[in-house]
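Scope of the values below: all heavy atoms of this structure, side chains included, with no hydrogens, waters or symmetry mates. Letters A, B, ... are given to chains in the order of the sequence lines, protein chains preceding strands, and every chain is numbered from 1.
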2 protein chains.
Amino acid sequence: MSEPEIFKVLSDPTRRAILERLAGGEATATDLREGFAITQPAMSQHLAVLRGAGLVSERREGRYAHYSVNAEGFAPLHAWLARYRAFWPSRIDNLKDLLREMDQ
Amino acid sequence: MSEPEIFKVLSDPTRRAILERLAGGEATATDLREGFAITQPAMSQHLAVLRGAGLVSERREGRYAHYSVNAEGFAPLHAWLARYRAFWPSRIDNLKDLLREMDQ
DNA sequence: TCAACACATAAGCATAGACTTATGAGTCGA
DNA sequence: TCGACTCATAAGTCTATGCTTATGTGTTGA
């Protein structure tokens with residue numbers, strides 16, 4: 001979604017932790033609660049926010065909601081950071097390093 | 001500075017606007033107030049937060065404080081976003097596009 | 001059909017943080 | 001030296017938001 005929104009969404013540590021968890025693969029809302037000292041509504045609300053920002057997608061299967069990272073959602077953040085490309089550390093500025101990093 | 005901190009710092013639209021302004025070149029705190037409907041202490045507080053996060057540096061010259069974007073400060077954000085590299089839009093995934101974009 | 005489940009929504013509370021005015025600390029020029 | 005300035009800090013207010021409990025909606029299986 002919009003750039004102003006995405007920063008607010010990512011400013012919450014719980015939501016960032018959820019994203020990292022989802023980066024490891026799809027998970028249901030209940031799966032996600034594991035490891036978080038959080039109630040079910042709180043998790044549901046966080047997922048709604050992430051969904052609203054387009055950072056995750058929901059795949060409904062019966063009574064289960066499977067969440068996963070949504071690729072395009074990170075584009076605004078990437079675009080914003082690109083504005084400060086000129087200010088990136090020289091480590092990153094070096095093209096070879098960047099390519100090596102892109103290859104994992 | 002730390003990754004949790006940087007997202008909170010960037011979640012404020014005024015601070016992002018300050019950064020964009022500074023990306024255009026060094027400026028004093030008073031210079032920066034121009035265009036912002038904000039009091040002097042508010043600006044000073046925002047600059048203190050940006051300074052604390054290592055996103056800007058301060059160059060003191062008499063009673064003037066000259067602020068500028070600090071390169072290394074964006075590294076944590078870049079590192080965080082890199083974790084989601086696998087989820088970047090295919091537009092960016094394409095190496096040629098990325099290189100073209102890097103060349104401006 | 002109905003109890004147990006998975007998830008979403010409503011409503012209220014409590015804290016974080018962005019703002020304000022007031023003031024302090026240091027620097028400059030007349 | 002002293003008033004005007006640039007900026008920082010203090011203290012208090014107000015709003016946004018992340019949390020809770022309570023409840024609603026839809027799905028599953030016995």
Using the 3.5 Å cut-off, write out each protein N or O paired with an N or O of nucleotides 4-6 of chain C and the distance between them.
from	atom 1	to	atom 2	distance (Å)
dC5(C)	O2	Arg63(A)	NH1	3.2
dA6(C)	O3'	Arg63(A)	O	3.4

Take atom CE of Met43(A) and atom P of dT9(C), then tell me their distance rounded to the nearest Å.
16 Å
Provide a list of protein-nucleic acid N or O atom pairs under 3.5 angstrom, restricted to nucleotides 15-19 of chain D.
from	atom 1	to	atom 2	distance (Å)
dG18(D)	OP2	Arg15(A)	NH1	3.1
dG18(D)	OP2	Arg15(A)	NH2	3.2
dC19(D)	OP2	His46(A)	NE2	2.3

Considering residues at least two apart in sequence or located in another chain, which fulfil the salt bridge (charged side-chain N to carboxylate O under 4.0 Å, His left out) criterion with Arg21(B)?
none
Set of residues satisfying side-chain contact (heavy atoms from CB on, under 4.5 Å) with respect to Pro41(B), sequence neighbours excluded:
Thr39(B), Gln45(B)
So Glu61(B), base contact, sugar-phosphate only, or nothing? Heavy-atom distance under 4.0 Å.
nothing
Are Tyr84(B) and Leu19(A) packed together at the side-chain level, in the sense that at least one heavy-atom pair is separated by less than 4.5 angstrom?
yes
Would you kindly give the CG-to-P distance between Leu50(B) and dA18(C), to the nearest whole Å?
11 Å
What residues, two or more places apart in sequence or in another chain, satisfy side-chain contact (heavy atoms from CB on, under 4.5 Å) together with Ser57(A)?
Ser68(A), Asn70(A)
Distance check needed: dT9(D) P versus Leu47(B) CG, whole Å only.
11 Å
Salt bridge (charged side-chain N to carboxylate O under 4.0 Å, His left out) against Arg59(A), all qualifying residues, sequence neighbours excluded
Glu26(A), Glu61(A)
Listed by chain and number, what are the salt bridge (charged side-chain N to carboxylate O under 4.0 Å, His left out) partners of Glu34(A), not counting sequence neighbours?
none
Kindly indicate whether the side chain of Glu20(A), heavy atoms from C-beta on, has any atom under 4.5 Å from the side chain of Arg83(B).
yes
Polar atom pairs between nucleotides 22-25 of chain C and protein, under 3.5 Å, N or O only, would you list them?
none

Sequence neighbours left out, what passes side-chain contact (heavy atoms from CB on, under 4.5 Å) with Arg15(B)? Give chain and number order.
Val9(B), Asp12(B), His46(B), Val49(B), Leu50(B)
Can you tell me how far C1' of dT6(D) sits from CZ of Arg59(B), to the nearest Å?
15 Å
Please identify each residue that fulfils side-chain contact (heavy atoms from CB on, under 4.5 Å) with Arg33(A), with sequence neighbours left out.
Gln40(A), Met43(A)
If a pair satisfies ring pair (Phe, Tyr, Trp, His ring centres under 6.0 Å) and one of its residues is in residues 23-44 of chain B, list it, with sequence neighbours excluded.
none
How long is the line joining NE2 of His66(B) and C1' of dT6(D), in whole Å?
11 Å
Figure out the CZ/P separation between Phe36(B) and dT20(C), and round it to whole Å.
13 Å
Quick note, ring pair (Phe, Tyr, Trp, His ring centres under 6.0 Å) partners involving residues 6-35 of chain A, not counting sequence neighbours, are Phe7(A)-Trp80(A)
Does a side-chain N or O from Arg60(B) land closer than 4.0 Å to OP1 or OP2 of dG26(C), or not?
no
